[in-house]
Amino acid sequence: MTDQTTPQADRRVLLKLSGEAFGGGKVGLSPDVVRGIAEQIGAAVREGVQVAIVVGGGNFFRGAQLQEQGMDRSRADYMGMLGTVMNCLALQDFLEHAGVDTRVQTAITMGQVAEPYIPRKAIRHLEKGRVVIFGAGAGMPFFSTDTVSAQRALEIKCDEVLIAKNGVDGVYDSDPRTNPDAQRLERVTYEEALQRNLKVVDAAAFSLCRENHLPMVVFGMEGEGNVTRALLGESIGTVVHA
C-alpha cells in the first residue's frame, strides 16, 4: 500500500451495497461474493473513479424485523449498525487484497477497528485514491442505510448516488416480484417516485436527493461487471433525477 497522493478524478460517487448480497442469500457472510464485489470496485478505482461506499447489514440483523419479534426498535437498530461494520471490515479486507487502499469510517466510535466519520477526512482519502467505506449507519436509530447514503453523498460532494439492489435491476412501476407485468422505468423523477410510492428506495432518501438535485442510479448487482459499469457511469438500471 502507498500513501502517495494520486490526481483527483473528475468523478466521485457514493455506492450503496445491499447487506443481503454479502450473505449470498443467507445469514452471515459469503467470502466469494464479497471478493467478487471488491474486484469490481477495484477495477473502477484503477480507472480513476473516487468511490465511497455505504453497506447495509441485512445479512446479519434488520432492526424492523427484530422489532416485529418484540425487541425494542432502538436497540434492534443499534444491532443492525454493528452488522454493517462487520460487512465494512470484510469489504475492506478484500479490497486491500485486491490492491486498493481502503479506510473504514463509522458513525459510532470504535477506534480499534475504524476511524470516526469526519467528512473532510473522507474527502481527503478519496482525493488520494483510497476507497472510503462508511459503517454504523447514521449512528442513530430509525434511519435506513438508503437515507444515510444520500446524506453521506451530499456531505462529501459526490456526483451521484448508486444504489445496488439485490434481486431487482432498477425502478419498476410496481413490484416485479408480485406483478409479472411490472415495467422497468429507464428514467423517473423523484417527484414521480414519491407520488407513486415506488418503494425500491426509502422515501427519505428520494426526498434528500430531490431537494439537493443529486442524481441517483438504481441498478441490479446481478450480472457480470454491473458494479464496475455503474461506477464508471455507463448506462445501467434506472436514473432517478430532479
Side-chain angles (χ1 to χ4, degrees), residues 11-26 30 33 36-37 40-41 43-44 49 51-59 62-65 68 80 87 137 142-154 158-242:
R11 180 169 167 78
R12 178 183 298 165
V13 296
L14 190 294
L15 174 65
K16 161 65 194 309
L17 294 171
S18 162
E20 288 90 338
F22 275 44
K26 301 177 182 178
S30 170
V33 170
I37 294 170
Q40 291 192 65
I41 294 167
V49 181
V51 181
I53 302 170
V54 169
V55 183
N59 53 319
R62 294 184 69 88
Q65 291 177 358
E68 290 172 3
N87 284 336
F142 305 105
F143 285 86
S144 75
T145 47
D146 285 346
T147 303
V148 172
S149 298
Q151 187 277 330
R152 295 290 190 261
L154 289 166
C158 288
D159 301 306
E160 280 185 332
V161 181
L162 308 175
I163 307 290
K165 302 299 290 186
N166 192 36
V168 64
D169 62 351
V171 179
Y172 283 73
D173 58 5
S174 59
D175 190 343
R177 286 170 284 199
T178 58
N179 178 13
D181 297 321
Q183 298 294 313
R184 184 165 68 85
L185 306 172
E186 297 295 328
R187 297 179 68 86
V188 64
T189 66
Y190 289 116
E191 191 70 35
E192 183 181 5
L194 289 165
Q195 288 178 352
R196 296 172 65 177
N197 198 27
L198 303 178
K199 295 183 176 179
V200 68
V201 173
D202 277 1
F206 277 149
S207 296
L208 264 178
C209 292
R210 178 189 62 178
E211 291 163 9
N212 294 278
H213 303 283
L214 179 66
M216 176 185 292
V217 176
V218 181
F219 70 100
M221 291 185 67
E222 293 84 0
E224 187 70 27
N226 272 6
V227 173
T228 303
R229 290 177 59 203
L231 291 171
L232 293 175
E234 296 181 18
S235 179
I236 188 172
T238 300
V239 177
V240 192
H241 59 95

Tyr190 side-chain N/O to Ala205 backbone N/O, donor-acceptor pair under 3.5 Å: no
Please confirm whether the backbone N or O of Gly23 pairs with a side-chain atom of Ser30, one donor and one acceptor, at under 3.5 Å? no
First locate atom CD1 of Ile163, then atom CG of Leu14, and finally report the distance between them rounded to the nearest 0.5 Å. 7.5 Å
Yes or no on side-chain contact (heavy atoms from CB on, under 4.5 Å) for Asp146 and Val148, after CA distance, side-chain angles and deciding distance? CA-CA 5 Å; Asp146 285 346; Val148 172; over 6 Å; no
Interatomic distance, CG@Leu154 vs SG@Cys209, rounded to 0.5 Å, equals 6.0 Å
Less than 4.5 Å apart, any side-chain heavy atom of Val55 and any of Phe22? yes
Distance in Å, Met216 CE paired with Ser149 OG, rounded so as to fall on 0.5 Å steps: 8.0 Å
Please round to the nearest 0.5 Å and tell me the distance separating atom CG of Leu185 and atom CD of Gln183. 8.5 Å
Using the side-chain contact (heavy atoms from CB on, under 4.5 Å) rule, take Met221 and Lys165 through it: C-alpha gap first, then chi angles, then the decisive distance, then the call. CA-CA 6 Å; Met221 291 185 67; Lys165 302 299 290 186; over 6 Å; no
Distance from Glu234 atom CD to Asn226 atom CG, nearest 0.5 Å? 9.5 Å
Short question: side chain of Glu186, backbone of Val239 - any donor-acceptor pair under 3.5 Å? no
Is a side-chain donor or acceptor of Arg152 paired with a backbone partner of Gly137 at a separation under 3.5 angstrom? yes
Return yes if some donor-acceptor pair links the side-chain N/O of Arg11 with the main-chain N/O of Val51 below 3.5 Å, else return no. no
Does any N or O in the side chain of Arg184 come within less than 3.5 Å of the main-chain N or O of Gly237, such that one atom is a donor and the other an acceptor? yes
CD/Glu192 to CG/Asp173 distance, rounded to the nearest 0.5 angstrom? 9.5 Å
Mind checking whether Val49 and Leu232 have side chains closer than 4.5 Å, heavy atoms only? yes
Test item: Asn179 side-chain N/O and Asp175 main-chain N/O as donor-acceptor pair under 3.5 Å: no
Set out, in order, the CA-CA distance, both residues' side-chain angles and the distance that settles side chain to side chain donor-acceptor pair (under 3.5 Å) for Glu20 and Ser18, then state yes or no. CA-CA 5 Å; Glu20 288 90 338; Ser18 162; 2.9 Å; yes
What verdict does the side-chain contact (heavy atoms from CB on, under 4.5 Å) test give for Val161 and Val217, after you've listed the backbone C-alpha separation in whole Å, the side-chain angles of each residue and the deciding distance to 0.1 Å? CA-CA 6 Å; Val161 181; Val217 176; over 6 Å; no
Show, in sequence, the C-alpha distance, side-chain angles and deciding distance for Thr189 and Val240, and conclude whether the side-chain contact (heavy atoms from CB on, under 4.5 Å) test is met. CA-CA 5 Å; Thr189 66; Val240 192; over 6 Å; no
Could you check whether Thr145 and Lys16, counting side-chain N and O atoms only, form a donor-acceptor pair closer than 3.5 Å? yes
So, the side chain of Asn87 versus the backbone of Gly56: is there a donor-acceptor pair under 3.5 Å, distance only? yes
Check ion pair Glu160-Arg12 (N to O, under 4.0 angstrom): no
Does the Thr238 side chain pair with the main chain of Val171, one donor and one acceptor, at a distance under 3.5 Å? yes
Flag, side chain of Thr147 to backbone of Phe143, donor-acceptor distance under 3.5 Å: no
